[in-house]
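Before any comments, here is the structure.
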Amino acid sequence: MHGLPANLEDALLGLVREKLFEGGAPLTVETDLFAAGLDSMGIMQLMISIEERFGVRVPESAVTRDNFSTASSLAAMVRRCAAPA
Amino acid sequence: MKALSDSIVEAIFARAAEAPERAAFVGRDGEISFENLVAEVERWATVIARLPGFPAEGVARIGVRCPDGVQHTVLMLAVMRAGGCAVPVAGELPADERSMLARTTALHGVLSQGGEERAADGSERHEIGGGLRWERLAAEEPCFPVEDFESVCPAFIRFSSGTTGASKGVVLSHGTLRERLDSANRRLGIGGTDRVLWTLPMAHHFAVSILLYLREGATVVLPEGSLAGDLLTAACQYGATVFYGSPFQAALLAAEASERDWPGLRLAVSTAAPLAPGTAGAFVRRYGVRLSQGFGIIEAGLPLLSTTGEDSMVVGRPDDFELRLEGSGTEGGLCLRGPGMFDAYLSPWCPRQEVMADGWFHTGDLARREADGSIRLVGRLKSLINVGGSKCFPEEIEEVLRRHEGVADARVRGEEHARWGMLPVAEILPVNVTSPPTDGELSAHCRARLAGYKIPVRYRMVNELPRTASGKVRRT
């Protein structure tokens with residue numbers, strides 16, 4: 001278990017920036033990622049990075065609009081994935 | 001404007017004339033009939049042929065950088081209708097890869113929709129209406145023989161390393177596209193009553209997909225988004241009969257939470273990468289239709305399609321393609337030949353006849369022939385890394401890593417992964433072992449130069465890299 005960073009929202013925002021958006025797009029933890037252009041390839045890359053970085057498994061059933069809409073909602077999802085079942 | 005004869009666009013127009021009222025597209029961008037699609041293509045072809053920098057002679061090489069949708073399709077077809085060769089510029093390419101694409105294919109210009117950043121360095125921008133920009137590029141001397149290129153009647157360049165090598169750009173002619181679609185549709189059996197749910201990025205999938213559907217008079221259903229819920233909503237609302245997507249999308253659909261059925265579904269195809277374990281079973285339990293496994297490669301189209309749906313490494317039995325396994329046993333390098341093979345690699349220029357000097361295309365896959373004649377993929381002979389259907393070569397990632405000031409040398413491998421197939425991981429030989437570059441620095445360096453899926457997911461600092469006798473980094 002990797003343990004999640006305290007500032008998970010910021011860590012996820014960093015991942016989103018690094019993986020998905022070119023240049024210095026003005027993103028915040030509440031930016032609507034779908035409106036910013038998150039597509040199926042982007043979702044796949046986010047899942048790969050999240051699983052690698054935070055050592056959690058994101059099930060297919062968690063790939064919903066609610067969970068992937070912002071860095072903040074992603075953080076909530078990652079915490080749920082990391083919680084013991 | 002040039003005559004249409006033998007053009008793939010002409011074939012689509014001819015089909016459109018049979019049922020002009022039928023919808024070519026429904027969904028996100030509204031409904032557009034075949035008649036209106038033809039009119040839009042003609043309108044834009046006229047605009048494109050008059051753009052500053054569109055060559056009066058020869059074949060124009062025009063980039064299309066446009067989000068997926070009706071507009072993307074219209075522009076691709078309009079470039080071909082205007083006598084040009086269309087080159088999709090994928091939205092996820094960072095500036096370096098875009099510039100390399102523009103240089104290597106010696107683009108006359110790029111048609112862009114959305115995005116502020118330039119499609120290529122040094123372009124001259126013109127707003128041309130409809131929210132579109134024409135970015136005219138300084139005509140560079142192409143690094144391929146233009147006469148040879150034009151002699152094949154090129155319609156389309158897919159800018160990738162193809163399946164097996166370091167060449168950039170796979171050239172497909174109008175004749176090749178027509179043959180290829182005929183061949184692929186012998187296996188898919190798509191017709192005018194079909195409605196195909198669109199799920200793939202158009203910059204990566206266009207020939208044996210959009211072009212095929214339109215050529216067969218089928219309707220393309222564009223969902224609102226790419227999540228499983230969006231796909232299912234569009235499928236039900238518009239009566240989609242065909243799913244053609246990636247293993248990831250098949251897995252998402254199989255796990256979709258609403259328990260809705262997809263009553264009209266008759267054909268489901270997963271392509272580009274092997275399915276993760278369990279996906280095929282989960283999909284058939286949920287929707288009652290078996291997932292077919294397609295073996296698609298840019299050089300050959302869709303030469304194989306397995307309809308048994310049980311074992312994702314079995315890609316079907318050949319019908320109009322001939323197959324051969326290198327060596328004398330039942331396992332060997334997979335070679336094939338058949339209708340609609342690619343015309344040439346662009347850079348360095350190499351026509352199909354030379355690539356297939358022994359009469360065969362060597363796919364770089366290791367395969368086995370099963371007792372019933374079907375083909376099972378068992379591995380790769382070449383170094384291709386397939387990340388859930390997005391393909392890249394380790395050499396390209398290593399080359400970028402070596403350009404980082406803290407990196408003396410690098411080796412990238414595709415690490416096997418149950419869900420994604422493979423993920424790129426890197427071993428780094430640092431310049432200074434006491435202060436090696438951080439993962440964050442290396443990722444940022446790669447991000448500026450490579451599409452996201454090519455960025456290694458992990459970096460490991462090493463003191464040396466295994467080498468061959470000639471001093472090259474060893475792959476295995």
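The structure displayed is predicted, hence computed values, not measured ones. A note on names: the letters A, B, ... follow the listed sequences, proteins ahead of strands, and every chain is numbered from 1.
- Ion pairing between R286(B) and E259(B) fails under the 4.0 Å rule for side-chain N and carboxylate O.
- In this structure, no portion of A257(B) lies under 4.5 Å from any heavy atom of chain A.
- Proximity to chain B involves both the backbone and the side chain of S61(A), based on heavy atoms less than 4.5 angstrom apart.
- Enclosure of atom CZ in R260(B) by more than 12 non-hydrogen atoms of other residues, nucleotides or ligands within 6.0 angstrom is indicated.
- For the salt bridge (Lys or Arg N to Asp or Glu O under 4.0 Å) criterion with E396(B), the lone passing option out of R403(B), R449(B), K454(B) is K454(B).
- Neither the backbone nor the side chain of S246(B) comes within less than 4.5 Å of any heavy atom of chain A.
- Counting only distance, with no hydrogens or angles, the side chain of R460(B) and the backbone of E427(B) share no donor-acceptor pair below 3.5 Å.
- The aromatic ring centroids of F248(B) and W420(B) lie less than 6.0 Å from each other.
- Top candidate by heavy-atom pairs under 4.5 Å with chain A, chosen from G440(B), P201(B), C446(B), G388(B), is G388(B).
- Using the six-membered ring where Trp is involved, H72(B) and F206(B) have ring planes that are tilted, between 30° and 60° apart.
- If you measure heavy-atom distances from F68(A) to chain B, you find no contacts under 4.5 Å at all.
- For D439(B), no part lies near chain A; criterion is any non-hydrogen pair under 4.5 Å.
- Within the 4.5 angstrom heavy-atom criterion, only side-chain atoms of M41(A), from C-beta onward, approach chain B.
- Residue L423(B) touches chain A through its side chain alone, counting heavy-atom pairs closer than 4.5 Å.
- In terms of non-hydrogen atom pairs under 4.5 Å with chain A, the most contact-rich of D68(B), T199(B), D230(B) is D230(B).
- For L227(B), the part lying under 4.5 angstrom from a heavy atom of chain A is the side chain only.
- The backbone N or O of M77(A) sits nowhere less than 3.5 Å from a side-chain atom of N67(A) that would complete a donor-acceptor pair.
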